[in-house]
Amino acid sequence: MKIKTRQKDALGYRARLLLCLCLGLMLFSASSAFPAELSATGTRVTVTQAVSKAYLPLLEMTPVASPESLQDFASQTISKLSANPPFTGWKHASTEYFPLGPGTHSWLVNVMNGEQRIGYLIITAAEQGGYVLSEYGAGSYGLPYSMQDLRQFLVQQELIPSHFSGKLELDALYAPMLPVWKLTIDSKTFYINASLLQVLPWSPSQADDVLHGKSAGSGTLSSLDTAFSPLPVYLTEGQDDPYADLIWLSAPPLANLSTDKLALTLASGGSLAFQSRGRNDALGAPFMITGFQSWRTADSGIGTASASSSILYAASGPEGRRYLPFGALQHSGTLHKLPSSGNAALGFTSGAVSAGSGPK
């Protein structure tokens, strides 16, 4: 009996040892298959991060040489904007230039602090010569043409299988006031809003019509007139999500808003909804306007500036990060008032946006 018991104990020990060895080999295989750059870093790694960084095809934009005249305009604009928040971090920043199709009529200028993107400009060649500032914005996240956001979006929407090995082509395009990704996966093409990351319901012919639309010329800062300088940004704490409160749908359109009326409308801490009936997808609408920045010439005094000596950009979208030409917005769609929920305004004081002293 004792001999049999010892034999059983020995067999049980060997079985347990073999089981432990098998488990160890399985764990080793799993750890070696996990992306090396994401293992044992002391931080939690999400499935999205693991898949998008290690297994998705390499998606990136490569900076290219740009015209010297374009660089001069970008440098002057960045220098002027850096005088006031939220652009003060741009004072010693570097820049990267990326052509935007179709036809390289526009350029994305990334404002960089080392390896971190802290803002952007989109500059477009003007028909009358020179360049115009199509839009701009500051921040380290949520900006148009974010590669990190695109990778995560593709994984979440399952547009690209995690172990994809086919043909992939990515193009950065720009329609008037709409950044666009064109993504071709094998023989299938997707058009994606490169700001809000939404798949656009476009056929190739529809995309061609939108992407070859006429860019805003009037009401934008031009490289041919360097007399304009930006005033401090005015922002409210108004609602920045058009779907959070749909009461604006019942509000009548605000026709021909002058810039001083815009200031008064936003002074209570409210916001405006922008939409373009039948063309929302072509403009990334609807979205909210929660502030503005006025550009003026040196000789335009407060309360005396005319429309010709003032250019206005509307702080649009989530957290008002995108500054879009206000004149182009009024020309392309309608504005609707969303009443304030009692939040106070930020930036200027209420007195600074009165009818007599607000931007014209």
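This is a predicted model, so every value here is computed, not measured. Both backbone and side-chain heavy atoms feed into the values below; hydrogens, waters and symmetry mates do not.
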Pairwise side-chain contact, [X] with [Y], heavy-atom cut-off 4.5 Å (strictly under):
X: Val199; Y: Gln157; answer: no
X: Thr290; Y: Leu266; answer: no
X: Tyr120; Y: Leu108; answer: yes
X: Val111; Y: Ile118; answer: yes
X: Leu231; Y: Gln293; answer: no
X: Leu200; Y: Phe190; answer: no
X: Leu262; Y: Leu272; answer: yes
X: Ser316; Y: Phe274; answer: no

Worksheet item: What about the rings of Phe87 and Tyr323, do their centers lie closer together than 6.0 Å?
Response: yes
Worksheet item: Can the ring centroids of Trp181 and Tyr145 be said to lie less than 6.0 angstrom from one another?
Response: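 Yes, ring centres under 6.0 Å apart.
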Taking [atom1] in [X] as the centre, count heavy atoms belonging to other residues, nucleotides or ligands within less than 6.0 Å. Is the count above 12?
X: Ile247; atom1: CD1; result: no
X: Glu127; atom1: CD; result: no
X: Asn256; atom1: CG; result: no

Between [X] and [Y], which heavy-atom pair has the shortest distance, and what is it?
X: Pro176; Y: Leu283; answer: O-CD2, 3.7 Å
X: Gly119; Y: Trp90; answer: CA-CZ2, 3.7 Å
X: Asp149; Y: Gly142; answer: OD2-N, 4.0 Å
X: Asp240; Y: Met288; answer: C-CG, 3.5 Å
X: Gly130; Y: Ser223; answer: CA-OG, 3.4 Å
X: Arg296; Y: Ser310; answer: CG-OG, 4.1 Å

Item to complete: Give the intermediate values and the outcome of side chain to side chain contact (heavy atoms under 4.5 Å, CB included) for residues Leu168 and Ile185.
Response: CA-CA 5 Å; Leu168 180 73; Ile185 305 173; 3.8 Å; yes
Donor-acceptor contact present, side-chain [X] to main-chain [Y], <3.5 Å:
X: Gln275; Y: Arg277; answer: no
X: Asn193; Y: Gly284; answer: no
X: Glu135; Y: Pro325; answer: no
X: Asp241; Y: Tyr243; answer: yes
X: Asn113; Y: Gln116; answer: no
X: Ser332; Y: Ala328; answer: yes
X: Thr265; Y: Lys261; answer: yes
X: Asn280; Y: Ser276; answer: yes
X: Gln330; Y: Gly327; answer: no
X: Gln71; Y: Ser66; answer: yes

Discussion item. Val155 vs Ile160, test: side chain to side chain contact (heavy atoms under 4.5 Å, CB included). Steps then yes/no.
Written reply: CA-CA 7 Å; Val155 172; Ile160 297 181; over 6 Å; no
Worksheet entry | Test log, rule side chain to side chain contact (heavy atoms under 4.5 Å, CB included), inputs Tyr313 and Trp295 | CA-CA 8 Å; Tyr313 285 82; Trp295 293 67; 3.7 Å; yes
Hey, what do you get for [atom1] ([X]) to [atom2] ([Y]), rounding to the nearest 0.5 Å?
X: Ile123; Y: Thr220; atom1: CD1; atom2: OG1; result: 11.5 Å
X: Arg322; Y: Tyr136; atom1: CZ; atom2: OH; result: 12.5 Å
X: Glu169; Y: Thr189; atom1: CD; atom2: OG1; result: 8.5 Å
X: His105; Y: Leu211; atom1: NE2; atom2: CG; result: 11.5 Å
X: Tyr174; Y: Ser134; atom1: OH; atom2: OG; result: 4.5 Å
X: Leu173; Y: Ile192; atom1: CG; atom2: CD1; result: 11.0 Å

For the hydrophobic clusters of this structure (ILVMFWY residues joined by side-chain heavy atoms under 4.5 Å, transitively), does one cluster hold both [X] and [Y]?
X: Leu178; Y: Phe153; answer: no
X: Leu183; Y: Phe98; answer: yes
X: Ile78; Y: Leu221; answer: yes
X: Leu143; Y: Leu170; answer: yes
X: Leu254; Y: Phe287; answer: yes

Worksheet entry | Audit row: Trp107, Ile122, side chain to side chain contact (heavy atoms under 4.5 Å, CB included) steps and yes/no | CA-CA 6 Å; Trp107 291 79; Ile122 294 179; over 6 Å; no
Worksheet item: Between Phe292 and Tyr234, what is the ring plane arrangement, given parallel below 30°, perpendicular above 60°, and tilted in between?
Response: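 Geometry flag for Tyr234 against Phe292: tilted rings.
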Discussion item. Testing the 3.5 Å rule here: is there a donor-acceptor pair between the side chains of Ser82 and Thr88?
Written reply: no
